[in-house]
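Proteins get letters first, then strands, A, B, ... in listed order; numbering begins at 1 in each. Heavy-atom basis, side chains included; hydrogens, waters and symmetry copies ignored.
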Amino acid sequence: MHLDIRDRLNACLKKLNIEFSKTLELEIPKNESFGDLSTPLAMDLAKILKKPPKQIAESIVSNIEKDIFESIDIAGAGFINFRLKRNFILSKLTSLLEKGDDFFILDIGKGRKVQIEFVSANPTGPLHLGHGRGAAVGQALANILKESGYDVSTEYYINDAGRQVELLGMSVYIALQRLGGKDIKMPDECYKGEYINELAKELYQIYGNELINKDFDEINGIIIDFSYKKILNEIQTDLKDFGVIFDKWISERKLYHTGEVQSSIIKLKEKGYIYEKDGALWFRSTVFGDEKDRVVVKSDGSYTYFASDIAYHKNKIERGFDELINIWGADHHGYIKRVMSAVQALGIDSSQIKILLIQMVNLLRDGMPVQMSKRAGTFVTLRELMDEIGVDTTKFIFLTRRHDSHLEFDVEIAKKQSQENPVFYVQYAHARINSIFEKANTECKNIDFALFNDHEIRLIKKILLYPMIFEFAVLMREPHRITFYLQDIAGEFHSYYHKYRVINEDKALTETRLCLCKALMLVLKHGLRMLGVKAPEKM
RNA sequence: GCGCCUGUAGCUCAGUCGGAUAGAGCAACUGCCUUCUAAGCAGUGGGUCAGGGGUUCGAAUCCCUUCAGGCGCGCCA
């Protein structure tokens with residue numbers, strides 16, 4: 001619907017010889033009496049053309065093709081308000097019913113290659129809530145970008161090298177020693193939690209006392225590999241059960257084995273961004289606005305995590321993506337500048353990489369925040385939450401906030417099956433419609449537009465607005481906009497459902513209303529699919 | 001101390017890179033099940049957009065500043 005208006009606006013601008021390269025903005029007016037859709041275009045153009053907005057608006061209004069409009073008004077400081085013809089709205093409805101899911105296909109991406117890297121949790125422990133939120137957002141983002149014409153590739157970067165996995169190995173080694181009766185304290189920096197003991201037990205079952213009597217240095221390889229692979233396996237299972245699929249899992253170790261870490265530093269060195277100080281090699285990130293330069297090779301000759309991350313980004317860039325999206329936990333925000341610096345030093349435009357920060361999740365139980373500490377091993381895992389609350393609810397709630405905003409996750413509300421729980425509210429609308437179709441002895445056919453009342457026309461307009469919401473979610477890379485829309489439209493439907501009977505004595509009216517239901521069902525199903533949430537037929 | 005993020009109704013949060021009279025859900029209160037699922041609906045009240053300055057036709061949105069909260073400031077990852 002909005003695209004039809006935009007097309008006419010663009011054609012009109014062309015006719016008037018006005019250049020406007022941005023995506024033309026259409027919005028839902030604050031007040032319904034203003035019209036169906038409006039645009040602040042004239043006010044934007046006023047700045048460029050240095051003419052009064054009303055004058056521009058008038059010129060647009062008199063030159064635009066008016067076939068689909070009931071009326072076009074200029075209001076306020078220069079808004080152009082459009083009211084669509086009833087016939088046009090109904091033709092769009094017909095089109096939606098005919099095309100089904102194809103109606104929602106947009107070609108914004110035009111095949112541009114986008115890579116989304118997300119979760120990428122260290123394989124040193126189970127996934128927790130924050131990872132879950134990142135997983136839900138990343139997958140939803142992948143879904144909507146795919147659906148809108150991007151060539152999307154999702155990826156998980158496995159930090160299977162370096163200090164953290166070594167610490168994991170050490171932790172399991174010590175647990176193993178304790179299992180063998182040795183009285184050793186678990187050092188502070190080590191990982192705790194029951195899963196460490198489990199890993200030790202499993203190793204004991206395989207190797208018996210063999211490992212216990214050896215020094216860590218002799219057997220660290222065995223322990224580290226066994227442990228991180230086991231954990232990675234569980235992470236993969238958890239993500240799969242959470243409905244998150246990665247196209248590619250890439251290993252940090254591999255970047256060392258292929259020499260990419262080394263070569264990327266050489267490349268930076270050639271460009272003059274590397275220097276030596278205090279026996280270490282530093283990257284000049286301050287050139288790009290970082291607050292200090294960063295070490296890439298330590299004085300003991302080993303690489304920092306940053307070094308392999310540079311190699312990873314170089315690797316991504318060389319794979320020819322047009323856009324890279326990194327989804328990180330908000331606690332990594334201090335890391336953004338140096339990665340952006342490295343990426344720029346490697347020669348790509350910083351606008352090609354976007355880093356989305358996922359804010360913290362606070363878990364509430366009985367109205368009280370649950371304290372989480374990774375060190376103490378007292379954190380709530382994604383697995384626990386999935387098992388307790390269900391995959392759909394968990395995902396949906398993760399998507400009810402802007403990624404940038406703190407999320408309060410109330411377990412009690414999530415478990416409630418009522419209006420307080422937004423997922424059920426939306427799913428229930430879908431199930432209700434499905435149930436109507438089961439009860440009806442007929443289907444959506446012989447649609448008679450004359451039978452729609454004003455309430456229904458309003459609802460149809462709202463349904464047809466979905467592509468605009470979807471487009472905006474894509475352009476802004478913000479899946480939560482779909483979540484909000486779905487709650488909104490579900491509410492409209494529940495209200496409609498109570499006021500009017502779909503199945504009634506009048507066959508023509510019944511069939512016409514079934515078409516409205518069908519259209520809404522298509523939208524609900526599509527929206528939920530984008531979020532990765534099921535649209536149940538029965539509840 | 002420095003940097004980043006946040007501050008919108010009692011609570012949880014939307015709000016289009018500056019636009020029209022700032023919205024929703026929950027909670028509170030009042031009603032609605034012999035009719036397609038009450039996991040639902042209808043109605044009522046609720047605001048100094050943290051405070052203060054500035055920028056302009058116009059600010060919740062941009063700039064400065066104060067306050068409050070979160071996070072980050074390793075040759076850790």
Side-chain angles (χ1 to χ4, degrees), chain A residues 22-23 25-31 34 38 40 43-44 46-47 52-53 75-79 81 122 124 159 161-167 189 252 277-282 290-292 294-306 308-309 329-337 357 359-360 362 364 367 400-402 404-410 413 416-425 427-429 431-440 468-469 472 475-476 478 480-481 483-484 487-488 491 493-504 510 513-514 517 538-539:
Chain A
K22 285 200 299 185
T23 305
E25 191 182 318
L26 286 163
E27 56 187 37
I28 302 163
K30 295 219 156 151
N31 192 323
F34 293 152
S38 76
M43 293 181 281
D44 288 342
K47 289 163 202 160
F79 286 99
N81 293 333
N122 287 344
T124 54
N159 298 123
R163 174 119 182 102
Q164 296 307 318
V165 283
E166 200 168 301
L167 266 180
E189 69 269 24
E252 182 184 359
K277 194 183 87 180
D278 304 331
L281 288 185
W282 297 70
D290 197 6
E291 48 192 57
K292 52 182 155 185
R294 308 291 175 176
V295 170
V296 286
V297 180
K298 301 181 229 173
S299 51
D300 67 1
S302 63
Y303 293 94
T304 60
Y305 171 79
F306 181 44
S308 53
D309 219 12
D331 52 339
H332 287 72
H333 69 78
Y335 200 71
I336 294 179
K337 262 223 171 98
L357 292 181
Q359 266 299 345
M360 305 281 129
N362 293 316
L364 292 184
T400 54
R401 299 285 179 274
R402 223 173 58 228
D404 223 1
S405 168
H406 286 263
L407 173 76
E408 201 155 285
F409 199 119
D410 190 314
I413 288 179
K416 257 188 212 167
Q417 304 201 334
S418 77
Q419 193 174 11
E420 278 179 81
N421 182 337
V423 200
F424 285 91
Y425 190 71
Q427 288 184 322
Y428 185 47
R432 255 187 166 168
I433 294 173
N434 194 68
S435 156
I436 292 174
F437 276 99
E438 278 179 8
K439 282 265 160 51
M468 184 168 114
I469 305 292
F472 206 61
L475 291 174
M476 300 292 284
E478 291 180 343
H480 78 275
R481 291 174 183 277
T483 318
F484 277 89
Q487 294 183 70
D488 191 16
F493 172 71
H494 288 308
S495 169
Y496 172 74
Y497 175 91
H498 264 265
K499 205 161 169 187
Y500 305 97
R501 287 193 58 80
V502 174
I503 303 172
N504 56 69
T510 300
R513 286 187 172 164
L514 281 171
C517 290
K538 267 197 167 35
M539 286 175 76

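Looking at heavy atoms from C-beta onward, V165(A) lies out of side-chain contact with N159(A) at the 4.5 angstrom threshold. Side-chain atoms of V423(A) and T400(A), non-hydrogen and from C-beta on, never get closer than 4.5 Å to each other. Looking at Y305(A) and Q164(A), their side chains never come closer than 4.5 Å, going by heavy atoms from C-beta outward.
Within 4.0 Å of R501(A), counting heavy atoms only, lies at least one base atom of the nucleic acid. The residue Q359(A) sits close only to the backbone: its heavy atoms come under 4.0 Å of sugar-phosphate atoms, none of a base. S38(A) comes within 4.0 angstrom of a nucleotide base, judged by non-hydrogen atoms across all strands. If you check every strand for non-hydrogen atoms under 4.0 Å, E408(A) touches sugar and phosphate atoms only. Residue contacts for N31(A): at a heavy-atom cut-off of 4.0 Å it reaches a base atom on one of the strands shown. Contacts of F409(A) with the nucleic acid, taken as non-hydrogen atoms under 4.0 Å apart, are absent. When heavy atoms are screened at a 4.0 angstrom cut-off, N81(A) is found touching base atoms of the nucleic acid. Counting non-hydrogen atoms under 4.0 angstrom, A431(A) reaches a base of the nucleic acid.
Under the Watson-Crick or G-U wobble criterion, with both distances below 3.5 Å, C4(B) is paired with G70(B). G47(B): no Watson-Crick or G-U partner with both key distances under 3.5 Å is found in any strand. With a cut-off of 3.5 Å on both Watson-Crick or G-U wobble distances, the partner of C36(B) is given as none. Within the shown strands, G23(B) is the pairing partner of C13(B) under the Watson-Crick or G-U definition, both distances less than 3.5 Å. In this structure, U61(B) forms no base pair with any nucleotide, since neither Watson-Crick nor G-U wobble geometry is met with both distances under 3.5 Å. For U30(B), the paired base is A42(B) (Watson-Crick or G-U wobble, both distances below 3.5 Å).
Regarding contacts with the backbone of A42(B), a side-chain N or O of S495(A) is found under 4.0 angstrom from either OP1 or OP2. Regarding contacts with the backbone of C41(B), a side-chain N or O of Y425(A) is found under 4.0 angstrom from either OP1 or OP2. A close approach under 4.0 Å does not occur between any side-chain nitrogen or oxygen of K30(A) and OP1 or OP2 of U21(B). In this model, the phosphate group of A38(B) is approached by a side-chain N or O of R432(A) to a distance below 4.0 Å at OP1 or OP2. Note on H480(A): a side-chain N or O is less than 4.0 Å away from OP1 or OP2 of G15(B).
Between C13(B), C36(B), C41(B), one nucleotide has an atom nearer to the side chain of S405(A) than all others, and that is C13(B). Nearest nucleotide to the side chain of H406(A), out of A20(B), C36(B), G70(B): G70(B). Closest to the side chain of Y497(A), out of A39(B), A38(B), A14(B), is A38(B).
The main-chain N or O of R501(A) is found under 3.5 Å from a side-chain atom of R513(A) such that the two form a donor-acceptor pair. Distance alone, capped at 3.5 Å, places no donor-acceptor pair between the N434(A) side chain and the R432(A) backbone. Looking at T304(A), its side chain does come within 3.5 Å of a backbone N or O of V295(A) through a donor-acceptor pair. A donor-acceptor pair under 3.5 Å is absent between the side-chain atoms of D278(A) and the main chain of A280(A), judged by distance alone.
Taking atom CG of D488(A) as the reference point, atom P of G15(B) lies 14 Å away to the nearest angstrom. What separates CG of N362(A) from P of U6(B) is a distance of 16 Å, to the nearest Å. Between M360(A) atom CE and C5(B) atom P there is a gap of 15 Å when expressed in whole angstrom units. Atom CG of L364(A) and atom C1' of C11(B) are 11 Å apart (whole Å). Atom CD in Q487(A) sits about 13 Å away from atom P in G15(B), given to the nearest Å. Distance R402(A) CZ to A60(B) P: 17 Å, rounded to the nearest Å. Rounded to whole Å, atom P of A24(B) lies 14 Å from atom CD1 of I28(A). Going from atom CG of L407(A) over to atom C1' of A14(B) covers 14 Å, rounded to whole Å.
The same atom, P, is picked in A60(B) and in G23(B); the two are 13 Å apart, to the nearest Å. Using atom P as the reference point in both C33(B) and A39(B), the two lie 15 Å apart (nearest Å). The gap from the P atom of C62(B) to that of G25(B) amounts to 27 Å, rounded to the nearest Å. A14(B) and A9(B) have their P atoms separated by 12 Å, given to the nearest Å. Comparing U12(B) with A27(B), their C1' atoms are spaced 11 Å from each other, to the whole Å. On the P atoms, C64(B) is 28 Å away from U21(B), given to the nearest whole Å. Taking atom C1' on both C32(B) and G69(B), the two are 43 Å apart, rounded to the nearest angstrom. For the C1' atom pair drawn from G7(B) and C49(B), the interatomic distance equals 10 Å after rounding to whole Å.
Here C73(B) is in the anti range [glycosidic angle more than 90° from 0].
The OG1 atom of T124(A) lies 12.5 Å from the CZ atom of R163(A); values are rounded to the nearest 0.5 Å.
An aromatic stacking contact between F484(A) and the base of A14(B) is absent, as defined here by ring centres under 5.5 Å apart and ring planes under 30° from parallel.
Position along RNA chain B of the nearest nucleotide to L26(A) versus K538(A) favours L26(A) as the more 5'-ward residue. When each of A77(A) and I413(A) is assigned the nucleotide of RNA chain B with its nearest heavy atom, A77(A) is the one assigned upstream, toward the 5' end.
Taking all atoms of both residues into account, the shortest heavy-atom contact from D331(A) to M360(A) is N-CE, 3.7 Å. The shortest non-hydrogen separation linking M468(A) to L26(A) is CE-O, 3.6 Å.
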Requested in this report: Let me have a per-nucleotide readout for nucleotides 72-77 of chain B, 5' to 3', with B, S or -, counting only protein heavy atoms under 4.0 Å.
Outcome: SSSBBB
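By the 30° and 60° cut-offs, the orientation of the rings of Y496(A) relative to Y500(A) is tilted.
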